[in-house]
Amino acid sequence: MTAKEEVGAVSDESKLLRLYELMLRVRWFEERVAADFRDGRIPGIAHLSIGQEAVAAGVSANLRPDDYVATTHRGHGHLLAKGAPADALMAEIWGRATGVCGGKGGSMHIAHVASGGLGANSIVGAGQPFAAGVAMAIRQRGQDRLVASYFGDGAITSGAFHEGLTMARVFSLPLLYVAENNGYSETTGARFHLGTATIGERLAGYGMRSEEVDGMDAVAVSEAAADLCAYIRAEQAPALLECRTYRYHGHFEGDPMLYRTDAELAQWRERDPIPRLRQQLDAAGLGADADTMERAVAAEMDAAAAFAAQSPFPDPAQTLEGVLV
Amino acid sequence: MTELRMPKAGSATTATVTSWLVEEGDSVDAGQVVAEIESEKATLELEAPVGGRVQRLLAEPGVELPVGTVIAELETA
């Protein structure tokens, strides 16, 4: 297979650069979160997707501005890649008034509806019923939109998850289910909780068109997402994109990670999606463009962290505004 | 000079150095484990973010401190 064939549907140079930019933004955004979290500057808890960026990038590159994403407790990257602004997203994670939810949502309830980011969800497997509800609204309004509903391998053991998929199947809703199979449900390996080798096998009863891809390869994810999004829009039916991926950090920041070996982590790091795409860019003669992009993204994330650090906390007098009580 | 701060694990707001694995004056490499830390959420190892010489150890083992407190200083090149 030649390099050109390998690139396939995204041979377009601007699309390769776009994937690179999306991954870099997620990686460097979350590395800033990790550093500031460790030093005690960020309240609450944070679950980072460092290592999994090819999924957010490959999916988002094929979504339209008016499509939606519904994500998980590990969802900063999904919202950022969908178009949420880095500075207000960062400020939200810091619990600041300038955040996308006024500092009241934090990492696990972060949302940016203007860019289609319907929100994270702190409860594993709880995002699927509400994603199905949004897809039902799209159907009833006769809109040409879809919902990308992210979940991890751990979500499949939850009852609510299956209620959502049942609704999607029975009403044939425009939903792209994106499985981020990172091999762990918190600290439990997928071989102990999944019951099958793949998520696709486990969900076969829903009769969805499904694709399984290397989730450490942004181009592969993007190609499969392009096919499935076209299918969903044309057929008005749900589909499953299963991405085999890995998180380099723990389940939560500060997780001592006693359930996995250094050798396993090292093996996955060798397949890091970012240097992998950088090599493709260099081979395509786009190295200088990538360098420029790296400088811009680094500056963007420095500015986002500075913005968050300098922003005020929400006014206690407004505690009950903008929340359901 | 690089400051080492009491690391935050999960939602814990305080943590305790259970033991220092280095002494003042020791040279450390980046990534070397310098302390064992315990909090209500997890027990973890604190690594030196950069290589250098341990200038001061500021946290008494067994004393609970707020996360983010400077607990050691590394002299870096």
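In what follows, chains are A, B, ... by sequence order, proteins preceding strands, each numbered from 1.
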* B:Ser39 versus chain A, the contacting section by heavy-atom distance below 4.5 Å ->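 Neither part; nothing is under 4.5 Å.
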* What's the spacing between A:Ile42 CD1 and B:Lys8 NZ if we round to 0.5 Å? ->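 With rounding to 0.5 Å, CD1 (A:Ile42) is 7.5 Å from NZ (B:Lys8).
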* When rounded to the nearest 0.5 angstrom, what is the spacing between CZ in A:Arg38 and CE in B:Met6? ->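 Those atoms lie 14.5 Å apart.
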* What residue in B:Gly10, B:Ser11, B:Gly68 has the most heavy-atom pairs under 4.5 Å with chain A? ->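 Top option by heavy-atom pairs under 4.5 Å: B:Gly10.
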* Asked: Between B:Ala42 and A:Pro256, what is the shortest heavy-atom contact and its length?
  ->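 So the minimum-distance heavy-atom pair works out to CB-CD, 3.6 Å.
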